Amino acid sequence: MTMRGFFDDAQRLHAPAFEIVGGQMVPPFETKDRVDRLLRPLSAAGYCQFETPRDFGLDPILATHDPALVAFLQRAYDDWKAAGFEGDVFATVMPPQHCRPRKPQFIEGEVGYFAASGESAIAQGTWPAVYASAQCAVAAADAVAQGDKAAFALCRPPGHHATKGQFGGYCYLNNAAIAAQYLRNHGSQRVAILDIDFHHGNGTQDIFYDRDDVLFVSLHGDPSLTYPFFLGYDDETGLGAGEGFNRNYPMGPGTDFHAWAAALHDAMGHLNAFAADTLVVSVGLDTYQHDPQSIFQISTEDFATIGSWIQHLGFPTVLVMEGGYAVEDLPKNVSSFFAGFMGDVG
Ligand code: Q9C
Ligand code: ZN
């Protein structure tokens, strides 16, 4: 068994020189090297047949994101250079609490306006990579809308921290949200999103928080201790019509598969009760026990169980790649997840 996979070489063009961690410039965690560690094992095992997505244009992106963010991402690097700045674009200012920020006219201020956090740079090739990554999500959603049982978007840069109007956390456009909205506009009345990345999908939550047609369910590290810090608590259940359509499962340091699987079991109850037409999964592999960002204890073998459980939900499914930074072990972890999902656990 195989599924269509989508990846575009333009996604390699995003290559900032560093990120800022602990007050130091360190090599970025989210690198283009991750791509081959995912692409090759999935091709070799026959789980995915990869193709370059066709260009669906800006419309499916603008169905989710503020046009101002999209325009900013396109021009930010050039504006930065035009202002005489030498390096990549980083946010160094942030709006004060309780102010309704007005968009500044100078690039230094604009970056702060559009940034949710400051670790992530906009470099020369960021926009073409981000655009291509979003096209992968649209193409995978389109395959499922056309009747495929499953499809994989090898998105990179990832997306689930991007809100309607802000980038951050290595994410610039929200690929999973764009896929979900595309499914809504192409035959699905109800779309569920399951986010299993180690970090809370704060961007995806933000985008669908007041809606009852898209259910968002996320399992993640306790936001009082880990990124994205300000969202992901279990009392965030949705707003207005969206009340009851947002479910968070924050978990503390040392969470093992037994505890994590209990949360997934509960989450699956919400997914089944919602009776979605289609499912989008934000697939992060950074819950892994040796991931540099993880405080969980998930093993390579556990990813097969997770994949199998998700497949047994029975929904037509768009798999969207998110995080995963134990680069050496990405091949075996992604293979394990797909082995479980494709019913090929040996
Ligand atoms: N100690 C995704 O997994 N904080 N984004 C890094 C490193 C940012 C993660 C701190 C984490 C963003 C898609
Ligand atoms: Zn993550």
Side-chain angles (χ1 to χ4, degrees), residues 11 14 16 18-35 37-38 90-91 94 115-122 126 129-130 133-134 136-137 153-163 166-179 193-207 216-232 248-251 253 255 260 280-298 303 306 319-327 329-330 333-334 337:
Q11 292 169 245
H14 171 65
F18 62 88
E19 70 175 86
I20 299 175
V21 178
Q24 284 190 298
M25 292 156 49
V26 303
F29 286 90
E30 203 291 290
T31 60
K32 61 185 165 66
D33 300 347
R34 297 174 62 244
V35 164
R37 309 269 182 175
L38 299 164
F90 276 96
M94 50 204 88
S117 55
E119 78 292 294
S120 305
I122 298 172
T126 296
V130 163
S133 187
C136 290
L154 204 173
C155 293
R156 180 276 156 183
H160 73 153
H161 297 308
T163 66
Q166 288 189 303
F167 72 99
Y170 317 152
C171 302
Y172 301 84
L173 294 174
N174 194 314
N175 307 305
I178 290 167
I193 304 173
L194 171 63
D195 190 325
I196 60 168
D197 186 278
F198 169 70
H199 305 94
H200 177 243
N202 56 328
T204 316
Q205 170 169 311
D206 168 78
I207 289 164
F216 179 65
V217 180
S218 181
L219 282 62
H220 48 265
D222 178 347
S224 73
L225 301 175
T226 191
Y227 191 88
F229 290 112
F230 304 107
L231 282 177
N248 285 326
Y249 294 87
M251 288 168 275
T255 293
W260 194 93
V280 175
V281 185
S282 274
V283 183
L285 297 170
D286 43 7
T287 51
Y288 181 50
Q289 53 196 354
H290 303 306
D291 193 286
Q293 307 226 0
S294 180
I295 56 171
F296 291 174
Q297 295 293 328
I298 305 298
F303 286 119
I306 295 167
L319 301 171
V320 176
M321 196 67 216
E322 302 283 359
Y325 310 103
V327 177
D329 290 345
L330 274 182
N333 288 341
V334 78
F337 177 86

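Owing to the predicted nature of the structure, the values given are computational and were not obtained by experimental measurement. For ligands, and for the atoms within them, numbers begin at 1 and follow the listed sequence.
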>> If you consider just the N/O/S atoms, which atom of H199 is the closest one to the Zn ion (ligand 2)?
In response: ND1
>> What I'd like to find out is whether the side chain of S294 reaches to under 4.5 Å of the side chain of D286, using heavy atoms alone.
In response: no
> For atom 6 (C) of ligand 1, which candidate among Y170, F29, Y227 provides the closest heavy atom?
Replying inline: Y170
>> Using a 4.0 Å cutoff against the non-hydrogen atoms of G323, which atoms of ligand 1 qualify?
In response: 3 (O)
>> Taking 4.0 angstrom as the limit and counting only heavy atoms of Q293, give me the atoms of ligand 1 inside it, by number and element.
In response: 6 (C), 7 (C), 11 (C)
> side chain to side chain contact (heavy atoms under 4.5 Å, CB included) between F303 and T287: does it pass, once the steps are laid out?
Replying inline: CA-CA 10 Å; F303 286 119; T287 51; 3.4 Å; yes
> Numbering the atoms of ligand 1 from 1, which are under 4.0 Å from a heavy atom of Y325?
Replying inline: 2 (C), 3 (O), 5 (N), 9 (C), 13 (C)
> Do E30 and P158 touch side chain to side chain, with heavy atoms closer than 4.5 Å?
Replying inline: yes
> Of all residues at least two apart in sequence or in a different chain, which pass the ring-ring contact (aromatic ring centres under 6.0 Å, His included) check with Y172?
Replying inline: H14, F167
> What are the atoms of ligand 1, with element, lying closer than 4.0 Å to any heavy atom of P158?
Replying inline: 13 (C)
> What residues, two or more places apart in sequence or in another chain, satisfy ring-ring contact (aromatic ring centres under 6.0 Å, His included) together with Y325?
Replying inline: Y170
> Where is the nearest protein heavy atom to atom 5 (N) of ligand 1: which residue, which atom, and how far?
Replying inline: G169 O, 3.0 Å
>> Measuring from non-hydrogen atoms of E30 to any atom of ligand 1, is the shortest distance under 4.0 Å?
In response: no
> For the side chain to side chain contact (heavy atoms under 4.5 Å, CB included) test, which of D291, I295, L285 pairs with F198?
Replying inline: I295
> Do any N/O atoms on E322 end up under 3.5 angstrom from N/O atoms on ligand 1?
Replying inline: no
> Any idea which of H220, H199, H200 brings a heavy atom closest to atom 9 (C) of ligand 1?
Replying inline: H199
> Can you name the N/O/S atom of D197 that is nearest the Zn ion (ligand 2)?
Replying inline: OD1
> Would H220 and D195 satisfy side chain to side chain contact (heavy atoms under 4.5 Å, CB included), going step by step from the backbone distance to the final call?
Replying inline: CA-CA 8 Å; H220 48 265; D195 190 325; over 6 Å; no
> What N, O or S atom of D286 is found closest to the Zn ion (ligand 2)?
Replying inline: OD2
> Can you list the ligand 1 atoms lying under 4.0 Å from a non-hydrogen atom of H160?
Replying inline: 13 (C)
>> Under a 4.0 angstrom heavy-atom cut-off, which atoms of ligand 1 come close to D197?
In response: 3 (O)
> Which ligand 1 atoms does D286 reach within 4.0 Å, using its non-hydrogen atoms?
Replying inline: 3 (O)
> Is it the case that N202 and H200 place a side-chain donor and acceptor less than 3.5 Å from each other?
Replying inline: no
> Is D222 reaching over with its side chain to a backbone N or O of P250, donor-acceptor style, under 3.5 angstrom?
Replying inline: no
> What protein heavy atom sits nearest atom 1 (N) of ligand 1, and how far off is it?
Replying inline: V21 CG1, 3.7 Å
> Counting both backbone and side chain atoms, is some N or O of H161 under 3.5 Å from an N or O of ligand 1?
Replying inline: yes
> Are a donor atom and an acceptor atom from the side chains of N248 and Q205 found within less than 3.5 Å of each other?
Replying inline: yes
> Heavy-atom distance under 4.5 Å between the side chains of Q289 and Q297, does that happen here?
Replying inline: yes
> Any idea which part of F198 is under 4.0 Å from ligand 1, heavy-atom wise: side chain, backbone, both or neither?
Replying inline: neither
